[in-house]
Amino acid sequence: MSTREYDVTAIEKKWQAYWEANKTFKVNDFEPGKPKFYCLDMFPYPSGAGLHVGHPEGYTATDILCRYKRMRGFNVLHPMGWDAFGLPAEQYAVETGTHPAVTTERNVNRFREQIKALGFSYDWDREVNTTDPGYYRWTQWIFEQLHKKGLAYVAEVPVNWCPALGTVLANEEVIDGRSERGNHPVIRKPMRQWMLRITEYAERLLEDLEGLDWSEGIKEMQRNWIGKSEGAEVDFEIVGAGAQVTVYTTRPDTLFGATYMVLSPEHPLVERITSDAQRAAVSAYRDEASKKSDLDRTELSTEKTGVFTGAYAVNPVTGGQIPVWVADYVLISYGTGAIMAVPAHDTRDFEFAQKFGIPVVCIIEPDAAEAAAAGVCPADVLQGKACWTGNGRLIRSANAQGLDLNGLEVRDSKRATTAWLQARGIGKAAVKYKLRDWLFSRQRYWGEPFPVVHMADGTMRLVDEGDLPVMLPAMEDFKPTGTGEPPLAKAAEWLDYTDPRTGEKGRRETNTMPQWAGSCWYYLRYIDPRNEHAAVDPAKEKYWMPVDLYVGGAEHAVLHLLYARFWHKVLFDLGYVSTKEPFQKLVNQGMILGLSYKDGRGALVPMELVDLRPDGPFHRETGERLVEFAAKMSKSLKNVVNPDDVIREYGADSMRLYEMFMGPLEAVKPWNTQGVEGVARFLKRSFRMVVEQPLTDDPLTPEQQRLLHATIKKVTDDLETMSFNTAISQMMIFINAFSGHAKPLPRAAAEAYVLLLAPFAPHLCEELWESLGHVGTLAYAPWPAYDEACLKVDEVEVLVQVLGKPKARVMMPNGADESVMKELALAQPAVQEALSGKAVRKVICVPNRLINIVAN
RNA sequence: GCCAGAGUGGUGAAAUGGCAGACACAGCGGACUUAAAAUCCGCAGACGGGUCAUUCCGUCGUGGGGGUUCGAGUCCCCCCUCUGGCACCA
């Protein structure tokens, strides 16, 4: 019996050094006979703030799984690297004068150190960094493949220009008219930009979601973002203009109710069809609309605005003339930039028609039940006083040219109208997507340069693959120019290009790629990180792909995951990768919230003003009683928990265990440092049980045997479903039974327990494994197996209910059949009493669990 | 407004349609200690009854209301609240 202390720091340092020195987690490219498991963590951006407690949550989950899989005989690829290009380092650089390369290296070193302190089993020989020329060479190479396939193009487009950041942003990076990073205002401005044709892949990005093992929520978010809709394009003649306008509608069935048409302010035909009388008003309106930023558009979205063009269009089914308006509720970027307006059956058109006195013609009689449920009065709809967008039967919808929709349901009349239009050559079925092409250039310094040269003769060419990478030039002054011209325009020497063969002159592209570029393919580079001849070796790619498990935050639900899937599909089409999807299974860890406090008025109180007394939280200055609640960790609330502090106080194993014990991985959970003490206590007890209790080779008692095997089974099953919290609970139950002062501990139980706990608390368990007399690491020790036979018990307690109320608990033989159960149950005095004077009607038997006697 | 997810003790949570609250935190009581910390043992959904005390008994209880079922936290319908996402997308 030893009286050793559980010296957390010493033990954790010792085993981290051991793993590093022995390259315990180095992965071989191929392991014949072993199944592979590729487990990926989302690429961290190494910010100056260092790790927060949210990072280790996902990392711990994947690490536990990887350690478990190794013990189950898998060849496990578990890498880590850095998404190190990006705005924050550059802004910091502009503010402090420190070069982003310096900041980035410092931050990466800090992150690596913090991550290593948690004892994760990464193969550090595969570390990658997006800012490394050996890496971005291949990012540039992939761009060239996209370009050669016609998927990259330059366009003069109205973009989201953020003056504060001095760059444009993708639609996805703009939230409510403000930048996602930094929350700065964004305005619309036409600029020359690089675009990627992600829209070409819209259908496949949508379809292939089906086969993925992702949460329904994330799939749905991607579906919404892609925004597929099916409808029809319909041509309308413009009276006397010799022109026609094509509109897109999802409701061709409502064509008989179209009482006006709207063009978006940017629509190319507006100029041509506007009457002289209306010209001034229309051009003023268009001017006004063009000045609106996205922010204005969203904020002023309540009131509809618009102006009449003076032109009329012919409704192709009625032959009637309807006015053509210009209004900014129609967007040039979606559909055809023009709509037919059916105020009776579209809420936006209804609002607009009400405001401008345009007739409302009802052509669908609402389904009575549905209308009642929606609180809409059908009579109002029929009179054009209310809008109905639901189901019903068509009325007033027939013409002399053979189209008769009257009496049809919405669905059928959509089909009938489309067919009629198509037969006459004035319309056709059409599919549209909300997804837009991806704005791929940024006017910043700290990003991948485009491998593109603009030649003096006006042509543009890609840099030869052999000349990649195009290095990012070292610059002292990389501040935004403010004009929209990128900082690289100031890199005089770098800028000028002379063709080494022909001597032709050119100028390099000065835009850089967005941060997403590097993270679009890093999972491929991990497979073959030092390859100088290819982004990834095809044989290795085939062996490792797809990623079997990808864990990260839900904040990347659309941006990163959609872009990466797009690039992957392009590489698949070009034959460079073997799977059509990169990430087979995706799990999003829930955010970890900090404990916060608010006073009676609901005002947030920073942590340092909170006095935590035994009877509750109080305001340090006012003495007011405060209310505890969970809120996002933020600097202003001072409720940010730093992993370094937790590790220093309790150790990495406790940190890991607590993060997993808090609750289900995918749930949002509040951090509570007191909870760490609980798991730290559990680890301490584990240490003492193995080290201090006398080990015995005596066989386990049947009860011990049963609990041991039940624990192996529970932990194993829970790991397969990533239910880490309940696996830990089971181990706590185990230790509650096996630990005790000077209580003999069967060696078989001790060994199995240490192996079960090892993926969760690897440092402690390596130490215990050693103290049990083993040499070297347990990282590849076989995972304990359980025996179903040991789980069996001879007798089980069965609940006896009468009319659903518990009356007795009876020990019965395991597997007793219905008649035996019934007999034993009826013999119970309490049951007899409850049944007195009643006739048994029915007996429900659930073997080994309960018996319910129904009587009256 | 639309889409998705979630509402269970003081707290984090657990529960193949079968004894709600396992496991843990905080709390309370006790042991050890000169004392404290650490550790160990015990109590613990609410209300009521009963008892020296424990066992015990009854009623209520998984956001609210209905339903299906012998039996509902779990399945179905309606509503409320919260979180996340989208939002003039025709």
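These values consider heavy atoms only, across backbone and side chains, with no hydrogens, waters or symmetry-generated copies.
- For the C1' atom pair drawn from B/rC78 and B/rC70, the interatomic distance equals 26 Å after rounding to whole Å.
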Run the numbers on A/Phe738 and A/Tyr753 for ring pair (Phe, Tyr, Trp, His ring centres under 6.0 Å), then give the verdict. CA-CA 10 Å; A/Phe738 278 84; A/Tyr753 177 75; 8.3 Å; no

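- Here the side chain of A/Asn852 is nearest to one of B/rC25, B/rG18, B/rA14, namely B/rG18.
- Contact of A/Lys304 with B/rC88 (side chain to base): a donor-acceptor pair of N or O atoms is detected under 3.5 Å.
- A/Arg685 and A/Ser739 share a donor-acceptor pair across their side chains, judged by distance under 3.5 Å alone.
- For B/rA90, one of the phosphate oxygens OP1 or OP2 lies less than 4.0 angstrom from a side-chain nitrogen or oxygen of A/Tyr334.
- Between A/Thr250 and A/Pro664, the residue anchored nearer the 5' end of RNA chain B, judged by the nucleotide with its closest heavy atom, is A/Pro664.
- For the residue pair A/Asp437/A/Thr199, the side-chain donor-acceptor check at 3.5 Å is satisfied.
- B/rC88 atom P lies 16 Å from atom CD1 of A/Ile332, rounded to whole Å.
- Contact annotation for A/Gly678: backbone-only contact, meaning every heavy-atom pair under 4.0 Å involves sugar-phosphate atoms and none involves a base.
- Among the protein residues, A/Val846 comes within range of the nucleic acid bases, having at least one heavy atom under 4.0 Å from a base atom.
- Not one side-chain nitrogen or oxygen of A/Lys669 sits closer than 4.0 Å to the OP1 or OP2 atom of B/rG12.
- Of the candidate nucleotides B/rC19, B/rU39, B/rC25, B/rC19 has the atom nearest to the side chain of A/Arg809.
- Annotation: A/Tyr260 is in aromatic contact with A/Phe352 [ring centroid separation under 6.0 Å].
- For B/rA24, the OP1/OP2 oxygens have a side-chain nitrogen or oxygen of A/Asn736 closer than 4.0 Å.
- To the nearest whole angstrom, the two C1' atoms, one in B/rA37 and one in B/rG49, are 42 Å apart.
- Close to B/rC40, at under 4.0 Å from its OP1 or OP2, lies a side-chain N or O of A/Arg685.
- No N or O donor and acceptor, one from the side chain of A/Arg849 and one from the base of B/rC19, sit under 3.5 Å apart.
- Comparing A/Ala338 and A/Lys805, the nucleotide of RNA chain B nearest to each residue sits closer to the 5' end for A/Lys805.
- As rounded to the nearest Å, B/rC82 and B/rU68 have C1' atoms that lie 29 Å from one another.
- Atoms CE (A/Met221) and C1' (B/rC86) sit 9 Å apart, rounded to a whole Å.
- Across B/rC86, B/rA90, B/rC25, the shortest atom-to-atom separation from the side chain of A/Asn672 is found for B/rC25.
- Rounded to whole Å, the separation between the P atoms of B/rG61 and B/rG66 comes to 11 Å.
- Remark: the backbone N or O of A/Ala727 is paired with a side-chain donor or acceptor of A/Asp718 at under 3.5 angstrom.
- In this model, a donor atom of one side chain and an acceptor atom of the other lie less than 3.5 Å apart for A/Ser229 and A/Tyr248.
- In this structure, the NZ atom of A/Lys432 is 11 Å from the C1' atom of B/rA90, given to the nearest Å.
- Rounded to a whole angstrom, the distance from the P atom of B/rA6 to that of B/rC77 is 15 Å.
- Atom C1' of nucleotide B/rG85 and atom CG of A/Asn588 are separated by 12 Å, given to the nearest angstrom.
- Stacking of A/Lys684 on the aromatic ring of A/Tyr6 is not recorded, the 6.0 Å distance cut-off and the 45° axial limit not both being met.
- Here A/Phe661 lies in heavy-atom contact (under 4.0 Å) with a base.
- Looking at heavy-atom distances under 4.0 Å, A/Ile733 makes contact with sugar-phosphate atoms alone, never a base.
- One finds a side-chain N or O of A/Arg681 lying less than 4.0 angstrom from the OP1 or OP2 phosphate oxygen of B/rC25.
- The distance from atom NZ of A/Lys219 to atom P of B/rC3 is 19 Å, rounded to the nearest whole Å.
- Considering only the side chain of A/Tyr329, B/rC88 comes nearest among B/rC70, B/rC88, B/rC3.
- On the C1' atoms, B/rA46 is 22 Å away from B/rA53, given to the nearest whole Å.
- We find that CD of A/Gln589 is positioned 16 Å from P of B/rG84, with the value rounded to whole Å.
- Regarding contacts with the backbone of B/rA14, a side-chain N or O of A/Asn725 is found under 4.0 angstrom from either OP1 or OP2.
- One can place CD of A/Gln801 at 8 Å from P of B/rA20, the figure rounded to the nearest angstrom.
- Across the P atoms, B/rU51 and B/rG63 are found 37 Å apart, a figure rounded to whole Å.
- For B/rG5, neither phosphate oxygen OP1 nor OP2 lies less than 4.0 angstrom from any side-chain nitrogen or oxygen of A/Ser215.
- Counting any heavy atom pair closer than 4.0 Å across all strands shown, A/Glu797 reaches a base atom.
- As a whole-Å value, the separation of A/Met261 CE from B/rA90 C1' is 12 Å.
- Just one of A/Glu266, A/Arg436, A/Lys434 meets the side-chain hydrogen bond (donor to acceptor under 3.5 Å, both in side chains) condition when paired with A/Ser333; it is A/Arg436.
- Judged by distance alone, the side chain of A/Glu818 and the main-chain N or O of A/Cys845 form no donor-acceptor pair under 3.5 Å.
- Side-chain proximity of A/Thr726 to the nucleotides B/rG18, B/rA15, B/rC25 is greatest for B/rA15.
- Applying the 90° criterion around 0 to the glycosidic angle, B/rG64 comes out anti.
- For the residue pair A/Thr246/A/Glu233, the side-chain donor-acceptor check at 3.5 Å is not satisfied.
- Stem list for RNA chain B (at least 3 consecutive Watson-Crick or G-U pairs, distances under 3.5 Å): B:1-7 with B:80-86, B:10-12 with B:23-25, B:27-31 with B:39-43, B:45-49 with B:56-60, B:63-67 with B:75-79.
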Does the side chain to side chain contact (heavy atoms under 4.5 Å, CB included) test come out yes or no for A/Gln828 and A/Gln832, once each step is laid out? CA-CA 6 Å; A/Gln828 290 294 311; A/Gln832 284 299 324; over 6 Å; no

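- Taking side-chain N and O atoms only, A/Arg688 has a distance below 4.0 Å to OP1 or OP2 of B/rC40.
- B/rG9 and B/rU62: their C1' atoms are spaced 10 Å apart (whole Å).
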